Amino acid sequence: MRILVTGGAGFIGSHLCERLLSEGNEVICLDNFFTGRRQNVVGLQDYRSFEVVRHDVTEPILLEVDQIYNLACPASPIHYQYNPVKTVKTNVMGAINMLGLAKRVKARILQASTSEVYGDPLMHPQQESYWGNVNPIGIRSCYDEGKRLAETLMMDYHRQNGVDTRIARIFNTYGPRMLENDGRVVSNFVVQSLRGKDMTIYGEGLQTRSFCYVDDLVEGIFRLLLSNYTLPMNIGNPGEITIKEFAEEIIKLTGTTQKIIYQPLPKDDPKQRQPDITKAKEILKWDPKVSRAEGLKITYDYFKSLPKEVLYHRDHKSFEGFIK
Ligand SMILES: NC(=O)c1ccc[n+]([C@@H]2O[C@H](COP(=O)([O-])OP(=O)(O)OC[C@H]3O[C@@H](n4cnc5c(N)ncnc54)[C@H](O)[C@@H]3O)[C@@H](O)[C@H]2O)c1
């Protein structure tokens, strides 16, 4: 198969490219390098069947491919809120361009959606049938509503044009190659402890999250694309934990002697998150295998191995050098 991975130089995309290459596929990694890095895919250049294309999904592209994984979109709030209009364009025009391509070359396409389509959920855990509780005009809406519209487009191209579509609702994912400056809870806590800084909890730390290790996530979306299931499917780890408990786990893992400090909760921060993965279990015969202890240890070792100039000097604003 010749497979296009948009956002392929990003955190999840680079692991997916690696997985697809290891299965003997040809892979085209398409990225505009906003939050992605060449470094993430440099190890894949040894594969003759791997190609990197610098391109922005908001522009159409002509390629001959059999499958498309549409992952292009910054995933962390500080990155997607940096240029919210661009985030909407990436989600909406990106989906239209990739669906147009899929329609033309009769490729199967998987859209990376998100648990954020459930907003601040009133149903717990979240099942795919839940329509969500999303603020349409808030600071997270560019991402949440952008992804919701990408899902709408997938379903409409499927119904109207017979495009072979898949929708993965991805829940919080972590692992090596996460950006150290993405402001998300896993990287924040690990990097703060490695830098010898106090660990920041937003709010009282009673909000919950469920963290999925990247290898498990990649296996889930890989199986979803190969299935014949065209409705949205949750892919995530149901192991739910409060942020405060999670901070304690990181303290234990890293042995940091720093203290926890509390800061105000950002706007529209969801109070709880836990995927119901009944469908993935039944249809894909998939469930997460990597325990949080195991996954966090690998992630911690990854951050620890980063060059000091990366770990200590890249702050939340270092992506602002991006021109587009
Ligand atoms: N990481 C998570 O916990 C999580 C959770 C839910 C959904 N997702 C989704 O999974 C996908 C991958 O997320 P990630 O964590 O790897 O994020 P990431 O920021 O590491 O990767 C996104 C990639 O897309 C690229 N990109 C952004 N805008 C683009 C554009 N206009 N054209 C071309 N490339 C563009 C970036 O440069 C980057 O390489 C995203 O669609 C995200 O919304 C991720």
Side-chain angles (χ1 to χ4, degrees), residues 4-18 28-41 52-61 68-98 110-118 126 140 142-151 154 167-187 209-214 216-218 220-221 224 232-237 270 273 275 295 299 319 322-324:
L4 172 64
V5 180
T6 77
F11 159 50
I12 297 176
S14 60
H15 287 273
L16 177 65
C17 288
E18 201 170 339
I28 303 173
C29 160
L30 181 155
D31 209 291
N32 71 349
F33 296 99
F34 174 33
T35 49
R37 292 182 183 162
R38 276 189 193 281
Q39 192 58 33
N40 287 344
V41 287
V52 179
V53 177
R54 180 187 279 267
H55 181 79
D56 197 298
V57 289
T58 58
E59 304 290 341
I61 188 164
I68 303 170
Y69 287 85
N70 188 29
L71 268 59
C73 179
S76 81
I78 54 164
H79 292 145
Y80 70 65
Q81 287 166 12
Y82 171 64
N83 185 344
V85 173
K86 175 75 191 208
T87 301
V88 175
K89 285 184 184 170
T90 296
N91 277 310
V92 178
M93 292 160 67
I96 291 173
N97 287 329
M98 289 307 128
L110 179 143
Q111 172 65 38
S113 184
T114 169
S115 55
E116 301 288 330
V117 298
Y118 300 122
Q126 293 82 54
R140 297 173 77 105
C142 58
Y143 183 76
D144 303 5
E145 296 289 15
K147 290 284 186 185
R148 285 168 70 97
L149 196 52
E151 287 197 6
M154 290 285 141
I167 301 170
R169 289 191 180 150
I170 301 173
F171 282 65
N172 273 3
T173 304
Y174 70 97
R177 302 188 208 129
M178 292 183 82
L179 284 175
E180 61 292 334
N181 60 354
D182 70 2
R184 304 177 86 193
V185 65
V186 176
S187 43
R209 294 294 182 269
S210 309
F211 300 107
C212 186
Y213 186 66
V214 66
D216 282 333
L217 188 277
V218 164
I221 59 176
L224 176 58
M233 188 180 285
N234 289 340
I235 308 282
N237 190 324
R273 262 309 147 65
T299 310
F319 62 91
F322 178 77
I323 311 152
K324 180 102 192 168

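Small disclaimer: the values here were computed from a predicted structure and weren't measured. Counting starts at 1 for both ligands and their atoms, following the listed order. Sequence positions, counted from 1, serve as the residue numbers for this chain.
- Close contacts between ligand 1 and F34 involve ligand atoms 37 (O) [criterion: under 4.0 Å to a heavy atom].
- Here the protein heavy atom with the shortest distance to atom 25 (C) of ligand 1 is D31 OD1, 3.4 Å.
- Close N/O approach between L71 and ligand 1 is found [any backbone or side-chain N/O within under 3.5 Å].
- Annotation for ligand 1: atoms under 4.0 Å from non-hydrogen atoms of F33 are 37 (O).
- Annotation: side chain of V214 is not in contact with side chain of M178 (no heavy-atom distance under 4.5 Å).
- Taking 4.5 Å as the limit, some side-chain heavy atom of R38 sits within range of a side-chain heavy atom of R54.
- For the pair H55 and ligand 1, a heavy-atom separation below 4.0 Å is found.
- Residue contact check for ligand 1: Y174 places no non-hydrogen atom closer than 4.0 Å to it.
- Atom 17 (O) of ligand 1 has as its closest protein heavy atom A75 CB, 3.5 Å.
- The shortest N or O to N or O distance between T114 and ligand 1 is not below 3.5 Å.
- Between Y213 and P176 there is a side-chain heavy-atom pair separated by less than 4.5 Å.
- Atoms CZ and OG1, from F34 and T90 in turn, are 8.5 Å apart once rounded to the nearest 0.5 Å.
- Proximity to G7 (heavy-atom distance under 4.0 Å) selects the following atoms of ligand 1: 23 (C), 24 (O), 25 (C), 39 (O).
- Protein heavy atom in closest approach to atom 43 (O) of ligand 1: Y143 OH, 2.5 Å.
- The backbone N or O of A9 lies less than 3.5 Å from a partner atom in the side chain of D31, making a donor-acceptor pair.
- Looking at atom 18 (P) of ligand 1, its nearest protein heavy atom turns out to be T35 OG1, 3.7 Å.
- Here the rule is side-chain contact (heavy atoms from CB on, under 4.5 Å) with E116, and of K147, R169, R140 only R140 fits it.
- Between E145 and R148, at least one side-chain N (NZ, or NE/NH1/NH2) sits under 4.0 Å from a carboxylate O, which counts as a salt bridge.
- The protein heavy atom nearest to atom 4 (C) of ligand 1 is I170 CG2, 4.0 Å.
- Ligand 1 is approached by R184 to a heavy-atom distance shorter than 4.0 Å.
- The CZ atom of F211 lies 9.0 Å from the OH atom of Y174; values are rounded to the nearest 0.5 Å.
- Relative to atom 24 (O) of ligand 1, the option among C73, G236, G8 with the closest non-hydrogen atom is C73.
- The atoms of ligand 1 that sit less than 4.0 Å from any heavy atom of N172 are 3 (O).
- With respect to atom 32 (N) of ligand 1, the closest heavy atom belonging to the protein is V57 N, 3.0 Å.
- When the heavy atoms of V214, L30, N32 are ranked by distance to atom 35 (C) of ligand 1, first place goes to N32.
- Set against the non-hydrogen atoms of K147, the atoms of ligand 1 under 4.0 Å away are 40 (C), 41 (O), 42 (C), 43 (O).
- When each of D182, T299, N181 is checked for a side-chain contact (heavy atoms from CB on, under 4.5 Å) with S187, only D182 meets the rule.
- Using a 3.5 Å distance cut-off with no hydrogens or angles, the side chains of N234 and Y118 do pair a donor with an acceptor.
- At a heavy-atom cutoff of 4.0 Å, ligand 1 is contacted by no atom of M178, backbone or side chain.
- In this structure, R37 has no heavy atom closer than 4.0 Å to ligand 1.
- Nearest protein heavy-atom contact of atom 21 (O) of ligand 1 is G10 CA, 3.6 Å.
- S115 places none of its side-chain heavy atoms less than 4.5 Å from the side chain of P275.
- For atom 7 (C) of ligand 1, the candidate residues are A168, A9, S113, S14; the nearest heavy-atom contact is made by S113.
- Distance CE/M233 to CD1/I235: 6.0 Å, rounded to 0.5 Å.
- Atom CD1 of I221 sits about 5.0 Å away from atom CD1 of I170, to the nearest 0.5 Å.
- Here NZ of K86 is found 7.0 Å from NZ of K89. Values are rounded to the nearest 0.5 Å.
- Looking from atom 16 (O) of ligand 1 to the surrounding protein, the closest heavy atom is I12 N, 2.8 Å.
- The atoms of ligand 1 that sit less than 4.0 Å from any heavy atom of G36 are 36 (C), 37 (O), 38 (C), 39 (O).
- Between atom CG of residue L16 and atom CG of residue L71 there is a gap of 6.0 Å, rounded to the nearest 0.5 Å.
- Residue contact check for ligand 1: P74 places a non-hydrogen atom closer than 4.0 Å to it.
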